[in-house]
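For reference, the structure is listed below as structure tokens.
Only heavy atoms go into these numbers, but all of them, side chains included; no hydrogens, no water, no symmetry mates. Numbering of residues begins at 1 and proceeds along the displayed sequence.
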Amino acid sequence: MTLTRRVLAILASLTALVLLAASPATAATTPPPNSMASMGDSITRGFNACGWYVDCTSRSFSTGDYSTVNSHYLRIRAVNPNIQGRNYNDARSGAKSADMYGQAGTAVSQGVEYVTMLIGANDACTSSESTMTSVTTYRANIDSALNRLKAGLPSARVAVVSVPDIYRLWYIGRNNLSALTAWSSFGICQSMLANATSTAQADVDRRARVRQRVIDYNTQLAQACTAYGANCDFDDNAVFNYPFVLSQVSTWDYFHPNTSGQAVLASVTYANGFGW
């Protein structure tokens with residue numbers, strides 16, 4: 001190939017790339033929603049983020065309006081003021097995957113255009129390993145909820161958030177006396193956090209199995225979201241993989257995200273979502 005031909009070929013390639021970048025099919029994004037709802041458990045309720053064992057919905061990573069957290073709601077409001085006041089927190093502290101069908105019904109009744117769902121910590125964090133929700137049941141519960149959303153809100157966007165790595169919580173708190181005291185005194189997540197200082201093989205193996213259960217939940221979330229279609233976005237395990245630190249956890253229970261933790265959740269989940 002002559003020099004002239006090579007130059008022309010390079011120019012043609014560059015032109016094609018420019019046109020591709022400018023193509024509406026690739027550059028366009030969906031418009032930001034005019035309303036939203038959050039589904040989930042105490043994490044989404046902002047539990048223990050502003051007071052002693054109370055819900056702090058203003059600090060929710062999803063629908064809260066506390067400026068420091070900079071929730072999904074506030075980020076969307078910054079580009080679409082029409083969402084003002086149309087942010088509904090339908091989550092409930094203590095909820096499990098089985099409760100998502102009911103919460104989906106509430107979101108449908110609100111007619112929202114965007115829904116976030118973070119659920120699974122309470123399915124794995126139980127009184128013992130034997131009482132964790134099975135993977136099959138978890139998936140059935142998730143499918144039931146997503147099907148209700150899809151039927152009732154066919155145009156809505158749904159952001160499915162991965163379950164946090166509760167093994168990471170044990171790892172960063174296992175040498176902290178305050179954390180150990182809280183976990184034991186309040187019986188928090190005993191499937192993972194019981195005998196937190198033990199290095200016995202039985203406890204090591206138990207923690208690994210509980211962590212695997214969370215991994216399996218997240219696999220099901222990814223698959224369920226794919227089955228839902230283009231209007232569903234899974235965070236690709238961004239929350240599960242995030243290396244959170246103890247300073248991002250409430251010092252009242254050493255389990256729930258504090259304000260800093262909620263801010264991290266907001267940032268990580270929004271960055272791995274629809275990108276409004």
key: Asp143 bridged to Arg139 by N-O distance under 4.0 Å   =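 Looking at Arg139 together with Asp143, the answer is yes, because their closest N to O distance falls below 4.0 Å.
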query = Would you call Arg213-Asp216 a salt bridge at under 4.0 Å N-O?
reply =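 Salt bridge between Arg213 and Asp216, a charged N being under 4.0 Å from a carboxylate O: no.
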Would you call the rings of [X] and [Y] parallel, tilted or perpendicular, taking 30° and 60° as the class edges?
X: Tyr167; Y: Trp170; value: tilted
X: His72; Y: Tyr114; value: parallel
X: Phe47; Y: Tyr53; value: perpendicular

Heavy atoms, side chains only, cut-off 4.5 Å: are [X] and [Y] in contact?
X: Val158; Y: Asn231; answer: no
X: Arg92; Y: Asp99; answer: no
X: Tyr138; Y: Val163; answer: yes
X: Ile83; Y: Pro32; answer: no
X: Pro164; Y: Leu118; answer: yes
X: Val112; Y: Pro33; answer: no
X: Cys125; Y: Phe255; answer: yes
X: Ile188; Y: Tyr254; answer: no

request  = Check Ala95 against Gln103 and note the closest heavy-atom contact, atom names and distance.
outcome  =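 Closest approach of Ala95 to Gln103, heavy atoms only: CB-NE2, 3.8 Å.
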Rounded distance [0.5 Å steps], [atom1] in [X] versus [atom2] in [Y]:
X: Tyr73; Y: Asn89; atom1: OH; atom2: CG; answer: 12.5 Å
X: Asp90; Y: Thr106; atom1: CG; atom2: OG1; answer: 5.0 Å
X: Asn258; Y: Cys50; atom1: CG; atom2: SG; answer: 11.5 Å
X: Tyr66; Y: Ser71; atom1: OH; atom2: OG; answer: 12.5 Å
X: Ile142; Y: Asn147; atom1: CD1; atom2: CG; answer: 11.0 Å
X: Arg157; Y: Asp233; atom1: CZ; atom2: CG; answer: 9.5 Å

Residues, nucleotides or ligands: over 12 heavy atoms within 6.0 Å of Phe186 CZ =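 Buried by this count: over 12 neighbours within 6.0 Å.
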Just by modelled atom types, is the [Y] backbone N or O under 3.5 Å from a matching donor or acceptor in the [X] side chain?
X: Arg59; Y: Gly64; answer: no
X: Thr181; Y: Leu177; answer: yes
X: Asp203; Y: Thr199; answer: no
X: Glu113; Y: Asn34; answer: yes
X: Gln223; Y: Leu221; answer: no

request  = Please lay out, stage by stage, how Gln262 and Leu265 fare under the test side-chain contact (heavy atoms from CB on, under 4.5 Å).
outcome  = CA-CA 5 Å; Gln262 288 285 345; Leu265 269 177; 4.2 Å; yes
ask   = Would Cys232 and Val160 satisfy side-chain contact (heavy atoms from CB on, under 4.5 Å), going step by step from the backbone distance to the final call?
value = CA-CA 7 Å; Cys232 187; Val160 175; 3.6 Å; yes
ask   = How about His256 and Ser42: does a side-chain donor come under 3.5 Å of a side-chain acceptor?
value =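 His256 vs Ser42: donor-acceptor pair found between side chains.
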inquiry  = Between Ser60 and Ser62, do the side chains contain a donor N or O and an acceptor N or O under 3.5 Å apart?
reply    =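 Absent: no donor and acceptor within the cut-off.
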request  = Go through the steps for Met39 and Leu149 under the test side-chain contact (heavy atoms from CB on, under 4.5 Å), then give the verdict.
outcome  = CA-CA 11 Å; Met39 296 166 52; Leu149 287 176; 3.9 Å; yes
query = Under the side chain to side chain donor-acceptor pair (under 3.5 Å) criterion, do Thr136 and Ser134 qualify, and how do the steps go?
reply = CA-CA 5 Å; Thr136 301; Ser134 72; 5.0 Å; no
key: Among Thr269, Asp236, Asn218, Asp235, side-chain hydrogen bond (donor to acceptor under 3.5 Å, both in side chains) partner for Ser162   =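 Answer to the side-chain hydrogen bond (donor to acceptor under 3.5 Å, both in side chains) test with Ser162 among Thr269, Asp236, Asn218, Asp235: Asp235.
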request  = Go through the steps for Leu169 and Met192 under the test side-chain contact (heavy atoms from CB on, under 4.5 Å), then give the verdict.
outcome  = CA-CA 9 Å; Leu169 180 67; Met192 173 65 76; over 6 Å; no
task = Evaluate the criterion side chain to side chain donor-acceptor pair (under 3.5 Å) for residue pair Ser38 and Thr44; output intermediate values, then yes/no.
result = CA-CA 7 Å; Ser38 56; Thr44 301; 5.8 Å; no
With sequence neighbours excluded, residues passing side-chain contact (heavy atoms from CB on, under 4.5 Å) with Val268 =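 With neighbours one apart ignored, the set is Ala238, Val239, Tyr242, Val264, Asn272.
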